[in-house]
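One structure below.
Below, chain A is the first sequence line, B the second, and so on; all start at residue 1.
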2 protein chains.
Amino acid sequence: MSQTLDRALQVLEFVGERPRRIGDIATRLDVHHSTALRFLHTLRKHGFVQELPDHSYRLGPTMFRLGYQALEGIELRSVARPAMERLRELTGETVHLGSLEDGSVLYVEKVEANHPVRMHSRIGAVARLHCTGVAKGIVAFLPQADRDELLDGYELVRMTDHTIVDRVAFEEELALSRERGYALDAEENEPGIHCISAPVFSGEGRVVGAFSVTAPTSRVDRQTLLGFAPALVEATRDTSRQLGWQ
Amino acid sequence: MSQTLDRALQVLEFVGERPRRIGDIATRLDVHHSTALRFLHTLRKHGFVQELPDHSYRLGPTMFRLGYQALEGIELRSVARPAMERLRELTGETVHLGSLEDGSVLYVEKVEANHPVRMHSRIGAVARLHCTGVAKGIVAFLPQADRDELLDGYELVRMTDHTIVDRVAFEEELALSRERGYALDAEENEPGIHCISAPVFSGEGRVVGAFSVTAPTSRVDRQTLLGFAPALVEATRDTSRQLGWQ
DNA sequence: CAGGCACGTTGCATGTTACGCACTTTGAGC
DNA sequence: GCTCAAAGTGCGTAACATGCAACGTGCCTG
């Protein structure tokens with residue numbers, strides 16, 4: 001392991017939260033300010049950070065580019081897109097694709113609803129494992145050992161009045177999801193937004209992603225949302241088969 | 001400057017192109033494989049890379065998250081969104097927002113057309129300075145010195161039969177854009193796709209971004225596209241005024 | 001306007017740690 | 001089972017990352 005690199009990566013994460021001054025970074029790393037400066041200068045040379053007029057630093061163009069390249073490297077996106085578009089046409093609602101990426105679930109693709117009120121783009125964002133549709137649609141279908149490892153030390157944080165924060169209740173919810181073949185986010189992550197989601201499997205039979213159909217409760221009641229389940233499950237199966245699943 | 005960090009950042013860029021093996025990375029950096037291994041292990045510990053089953057490495061969840069955070073840190077996106085949506089309603093076509101980020105122009109927001117044939121998502125991507133609407137809409141309105149610096153050593157690469165690759169002709173095109181108040185990408189970046197774009201100015205009178213209206217030539221002819229210019233210019237002015245421009 | 005202060009920047013000496021080497025382990029293919 | 005390529009480990013040393021001291025810059029206040 002490399003101590004210097006360890007420190008530099010901490011700088012990137014710290015600067016990613018909001019713009020930071022050299023002194024803030026030196027304090028955070030517990031190093032001399034000239035050391036912090038050298039990190040920032042090297043990071044800036046490669047475009048990982050950029051300096052603002054007030055001498056604070058925020059993430060720079062290389063971070064954008066690599067974030068984009070990271071997404072472009074996910075083949076599941078292009079494989080899934082046709083089925084996602086068909087699902088959007090059938091439901092009229094926004095369809096998200098979540099992908100399991102080394103211990104995180106990420107939103108990696110979105111096909112938007114044709115309605116004036118749309119979902120804010122969140123491609124690239126991490127999905128909370130316990131209260132978002134796509135994450136539950138993946139976690140529920142992982143092998144027990146993988147699920148235990150993923151949830152080890154994971155804290156179930158209350159996001160709304162409906163969030164499931166009890167570990168036992170959460171495990172029961174996941175078991176129910178497996179029985180049904182799809183998962184439900186019943187306003188657990190965001191008030192007024194609910195969704196259902198189903199897993200996508202690879203040729204080796206491992207869950208690698210999930211589709212969700214997301215809508216505001218003001219427009220789509222729960223019964224209608226649940227009525228989308230057969231189309232959702234069919235779309236994910238189509239995609240799974242394209243990945244070699246059977 | 002830090003040599004260790006310099007090398008590690010080269011690893012991230014190299015791995016961002018496509019998955020890489022330890023030996024490939026060692027060769028690329030001209031270091032011993034055990035050195036490359038140590039870099040990868042430190043990067044993996046922080047989630048900047050992830051290891052695939054075949055022992056190659058690609059970018060990991062932290063890169064996604066930081067890419068997302070980088071985008072979320074751009075305030076222009078939220079300021080611009082209402083005007084972009086109005087412009088989309090007026091034109092019926094996809095509206096992109098480009099932002100000038102430390103020597104690069106990036107696509108940072110998109111409001112999609114209501115048509116079955118849509119543009120593939122490219123938020124986070126770098127826009128080519130010489131042949132994309134949003135980039136031309138920014139470059140044309142930079143002060144001369146800034147423009148010269150941005151274009152210093154920049155190579156005008158032919159993307160289509162229409163791409164302007166002659167520096168003198170390109171400068172004339174930019175001058176024409178300034179006269180008109182908007183720029184045009186006439187199938188210069190991608191065959192069958194054209195767009196117009198106009199700049200957004202900050203309170204200090206500096207160009208900080210641009211809106212573009214993008215459409216396939218099969219659906220929107222050039223005359224119709226140019227007919228969108230007044231609405232486009234009005235939308236960018238609205239946004240500029242919100243940023244304090246006058 | 002001048003002085004003080006906070007912060008950014010530069011150059012140097014040193015000791016910490018990054019590095020290459022030699023060796024071992026692992027996994028895939030035959 | 002054997003072979004080979006690649007990943008992984010531990011060690012000694014010198015290269016380079018680090019903190020320090022000093023300097024430069026810009027802003028604020030009296």
**OP:** Apply salt bridge (Lys or Arg N to Asp or Glu O under 4.0 Å) to the pair A/E13 and B/R65, showing each step before the final yes or no.
**Re:** CA-CA 9 Å; A/E13 297 227 31; B/R65 179 160 50 81; 3.1 Å; yes
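- Between B/R44 atom CZ and D/dA7 atom P there is a gap of 12 Å when expressed in whole angstrom units.
- For B/R178 and B/E171, the salt-bridge test fails: no basic side-chain N is under 4.0 Å from an acidic carboxylate O.
- Under the 4.0 Å criterion applied to side-chain N and carboxylate O atoms, B/R58 and A/E101 are assigned as salt-bridge partners.
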Dump the pairs, protein N or O against N or O of nucleotides 19-22 of chain D, anything under 3.5 Å, distances to one decimal.
residue, atom, partner, partner atom, Å
D/dG19, OP2, A/H32, N, 3.3
D/dG19, OP2, A/T35, OG1, 2.3
D/dG19, N7, A/R38, NH2, 3.2
D/dG19, O6, A/R38, NH1, 3.4
D/dG19, O6, A/R38, NH2, 3.3
D/dC20, N4, A/S34, OG, 2.8

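- Taking atom NE2 of residue A/H55 and atom P of nucleotide D/dT25, one finds them 12 Å apart after rounding to whole Å.
- B/E51 places its CD atom 15 Å from the P atom of D/dA6, with the value rounded to the nearest Å.
- Rounded to a whole Å, the CG atom of B/L40 is 13 Å from the P atom of C/dC19.
- Rounded to whole Å, atom C1' of D/dA15 lies 15 Å from atom CG of B/D6.
- Note: CG (A/L29) to C1' (D/dA17) measures 13 Å, nearest angstrom.
- Nucleotides of DNA chain C nearest to A/L37 and A/T4 differ in position, and the one nearer the 5' end is that of A/L37.
- The 12-atom threshold is exceeded at CZ of B/R158, counting heavy atoms of other residues, nucleotides or ligands nearer than 6.0 Å.
- When the P atom of C/dG8 is taken as reference, atom CG of A/D54 falls 9 Å away, rounded to whole Å.
- Between A/R21 and C/dG8 there is a side-chain N or O to OP1 or OP2 distance below 4.0 Å.
- Of the charged side-chain nitrogens involved, none lies within less than 4.0 Å of a carboxylate oxygen, so that B/D146 and B/R206 do not count as a salt-bridged pair.
- The pair B/D6-A/K45 counts as a salt bridge, with a side-chain nitrogen and a carboxylate oxygen less than 4.0 angstrom apart.
- Between the C1' atom of D/dA7 and the CG atom of B/D24 lies a distance of 13 Å, rounded to the nearest Å.
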